[in-house]
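Accompanying notes for the structure given below.
Side chains included, hydrogens not; waters and symmetry mates left out as well; all remaining heavy atoms used.
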Amino acid sequence: MRTAMLRSVLKRSSSALASCPTTSTSSLYVARRGFSSESAPERKVAILGAAGGIGQPLALLMKLNPLVTKLALYDIAGTPGVAADVSHINTRSEVAGFVGEDQLGEALKDSDVVIIPAGVPRKPGMTRDDLFNINAGIVKSLSTAISKYCPHALVNMISNPVNSTVPIASEVFKKAGTFDEKKLFGVTTLDVVRAKTFYAGKAKVNVADVNVPVVGGHAGITILPLFSQATPKANLSHEDIKALTKRTQDGGTEVVEAKAGKGSATLSMAYAGAIFADACLKGLNGVPDVVECSFVQSCVTELPFFASKVRLGTNGVEEVLGLGPLSEYEKEGLEALKPELKSSIEKGIKFANQS
C-alpha cells in the first residue's frame, strides 16, 4: 500500500515539476526518460558541504538522479551518517562519505561535477559582509583542492555570496593554472525557481508551463527577473511587475524571517541546485539545447561575471546568450544593479589575491 502510494506521488511529482528557464529538458525527473541507466555514461558528482542544511537534501536529490553513478559526500563532520542513510536508497549511484581535509582529495578525485553548498547559511540580521567573512575562506580552500584533484570538473558554486565566491574560485584556479571559464558556474537557479513560482501565482497560469529568465547576480537588487520575457504572456500591471521583482529579490530574506532564526532557504536551494547539476550532467552527456541561467564569466555587459542564459554542452558552457529585449523598467534595473555587482566581484578578486 505504502509502495503504491509512493509511486503515485513520484509520478505526480514528475509531471508537475517545472522545467528550468528556457528548456523543457531540465526537470530533475526528465532524466529518467532521457536515458536508461545502461545508456548513460558513468558520472561522478561530489558535494562539498554534504552534511549541512542544503547539502543533505541535495545529496538525497542527486541520489535520485539516474545520470549519477558515483556520489561523493564531503564535509568536516557528519558525512558518514549522511552517506549511510542516502546509500540505502535503491537507485543507480554508489555513495561514499568523506570527512575532514585528509579525505577531501579522495572525495574529489575523478569528479565530473562538484557542487559546493559549504559554509554558513544566512541568519536574521546577518549582512552579506558577515557571510563573506566566513564563507570566502572556505571557498578558497575548497577551490584550491579542486584545482589539484579534479581540475577539469564542472564547478557549481552555491556558497554565498555567489557574486563574490565565483570570482574567488576563478582567481584560485588562475593561480593554479587550471582555470577554464566554461567550467565555473554560480548557481542562480533558485532565483529562476522563485520568479516562476511567483509569476505563475500572480498570472494564474500553470507553473509547469512558466519560463522566466533571471539575469544579473545572486543577491538583492543584483537579481533581475525579466518578466517582460516571461511565458506564457500575462497582462500584468507595472505595479504587479515591480512587486514580483521585489519579492524575487527578497526571496531569501522571506524564508530566513519565516524560519525565525532556525535556518535559511535550504530545501528550495537544494532543489534548485539539483536542477542545475542535472542540466550540467545532461550537457556533459551531449543532450542538445540545454539552457539555464547561471552566473558565469561573461561579455554580455562590461562586468567580468554576469548571470544570463547559458547553453550547456560537453565542455560546460557552450554559449553565453544575450539578454534579449528589455522593458524600460528592466533597463533601469540593469543599470542600478551594476555598481553593487561590480563591487562584490572586485571584493572576491581582492580576497583571493591577498595571499
Can a donor-acceptor pair be found, under 3.5 Å and without considering hydrogens, that links the side chain of [X] to the backbone of [Y]?
X      : Y      : value
Lys175 : Ala352 : yes
Ser308 : Gly322 : no
Asn285 : Val287 : no
Ser143 : Lys140 : no
Lys182 : Leu312 : no
Lys70  : Glu94  : no
Glu171 : Ile349 : no
Thr245 : Ile241 : yes
Glu254 : Asp250 : no
Asp75  : Ala51  : yes

Report task. Would you list the pairs meeting ring pair (Phe, Tyr, Trp, His ring centres under 6.0 Å) in which at least one residue belongs to residues 101-133, sequence neighbours left out? Result ->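 Listed by first then second residue: Phe132-Phe351.
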**Report entry** Qualifying ring pair (Phe, Tyr, Trp, His ring centres under 6.0 Å) pairs with a residue from residues 237-256, counting only residues at least two apart or across chains
**Finding:**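 The answer is His238-Tyr329.
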Query raised in the report: Honestly curious: do Val256 and Ile158 fall in one hydrophobic cluster under the side-chain, below-4.5 Å linking rule?
Result: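 Hydrophobic grouping puts Val256 apart from Ile158.
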Query raised in the report: Shared ILVMFWY cluster between Val113 and Phe179, side chains joined below 4.5 angstrom?
Result: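 The answer is yes; both residues are in one hydrophobic cluster.
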Between the side chains of [X] and [Y], does any donor sit under 3.5 Å from an acceptor?
X      : Y      : result
Lys347 : Ser164 : no
Ser237 : Asp240 : yes
Asn163 : Thr222 : yes

Between [atom1] on residue [X] and [atom2] on residue [Y], distance to nearest 0.5 Å:
X      : Y      : atom1 : atom2 : value
Leu326 : Glu332 : CG    : CD    : 11.5 Å
Ile47  : Leu71  : CD1   : CG    : 5.0 Å
Phe173 : Lys183 : CZ    : NZ    : 11.5 Å
Asp112 : Cys150 : CG    : SG    : 9.5 Å
Ser111 : His152 : OG    : NE2   : 13.0 Å
Asp180 : Asn315 : CG    : CG    : 7.5 Å

Over all atoms of both residues, closest heavy-atom pair of [X] and [Y]:
X      : Y      : value
Tyr74  : Leu142 : CE2-CD2, 4.2 Å
Ile138 : Ala118 : CG2-CB, 4.0 Å
Gly216 : Leu341 : O-CD2, 3.6 Å
Ile168 : Ala136 : CD1-CB, 3.6 Å
Phe305 : Ile345 : O-CD1, 3.6 Å
Gly273 : Val187 : CA-CG1, 4.3 Å

Would you indicate whether the side-chain heavy atoms of [Y] and [X] approach each other to under 4.5 Å?
X      : Y      : value
Phe306 : Leu334 : yes
Met62  : Ile115 : yes
Ile146 : Leu48  : yes
Asn65  : Arg92  : no
Leu284 : Thr314 : no
Glu181 : Val320 : no
Phe227 : Leu236 : no
Thr266 : Lys259 : yes

Residue [X] excluded, over 12 heavy atoms near [atom1] under 6.0 Å:
X      : atom1 : value
Lys242 : NZ    : no
Lys233 : NZ    : yes
Ile76  : CD1   : no
Glu101 : CD    : no

**Report entry** Counterpart residues, side-chain contact (heavy atoms from CB on, under 4.5 Å), relative to Glu106 (two or more places apart)
**Finding:**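 Glu106 satisfies side-chain contact (heavy atoms from CB on, under 4.5 Å) with Phe98, Lys109 only.
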Report task. Among Thr189, Thr165, Asp191, find the residue that satisfies the side chain to side chain donor-acceptor pair (under 3.5 Å) test when tested with His218. Result ->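 Considering Thr189, Thr165, Asp191, a side chain to side chain donor-acceptor pair (under 3.5 Å) with His218 is found only for Asp191.
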Query raised in the report: In this structure, which one of Leu108, Val114, Asp110 forms a side-chain contact (heavy atoms from CB on, under 4.5 Å) with Tyr149?
Result: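 Exactly one candidate clears the test, Leu108.
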Requested in this report: Applying side-chain contact (heavy atoms from CB on, under 4.5 Å) between Val120 and each of Asn133, Asp130, Asn160, Ile134, report the one that passes.
Outcome: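 With Val120 as partner, Asn133, Asp130, Asn160, Ile134 yield a single side-chain contact (heavy atoms from CB on, under 4.5 Å), made by Ile134.
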Would you list the atom pairs, donor with acceptor, under 3.5 Å between side chains in residues 293-302 and any protein atom, with sequence neighbours excluded?
from, atom 1, to, atom 2, distance (Å)
Ser294, OG, Gly186, O, 2.9
Ser298, OG, Val300, N, 3.0
Thr301, OG1, Leu303, N, 3.1
Glu302, OE1, Lys338, NZ, 3.3
Glu302, OE2, Lys338, NZ, 3.4

Query raised in the report: Going through the checks in order, is the side-chain contact (heavy atoms from CB on, under 4.5 Å) test met by Met269 and Val255?
Result: CA-CA 11 Å; Met269 184 64 249; Val255 176; over 6 Å; no
Requested in this report: Would you mind listing every salt bridge (charged side-chain N to carboxylate O under 4.0 Å, His left out) that reaches into residues 311-329, with sequence neighbours excluded?
Outcome: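 Only Asp289-Arg311, Arg311-Glu319, Glu328-Lys331 qualify under salt bridge (charged side-chain N to carboxylate O under 4.0 Å, His left out).
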Solution key, residues 81-90 side-chain donor-acceptor pairs under 3.5 Å, sequence neighbours excluded:
from, atom 1, to, atom 2, distance (Å)
Ser87, OG, Ala83, O, 3.2
Ser87, OG, Ala84, O, 2.8
His88, NE2, Ala84, O, 3.4

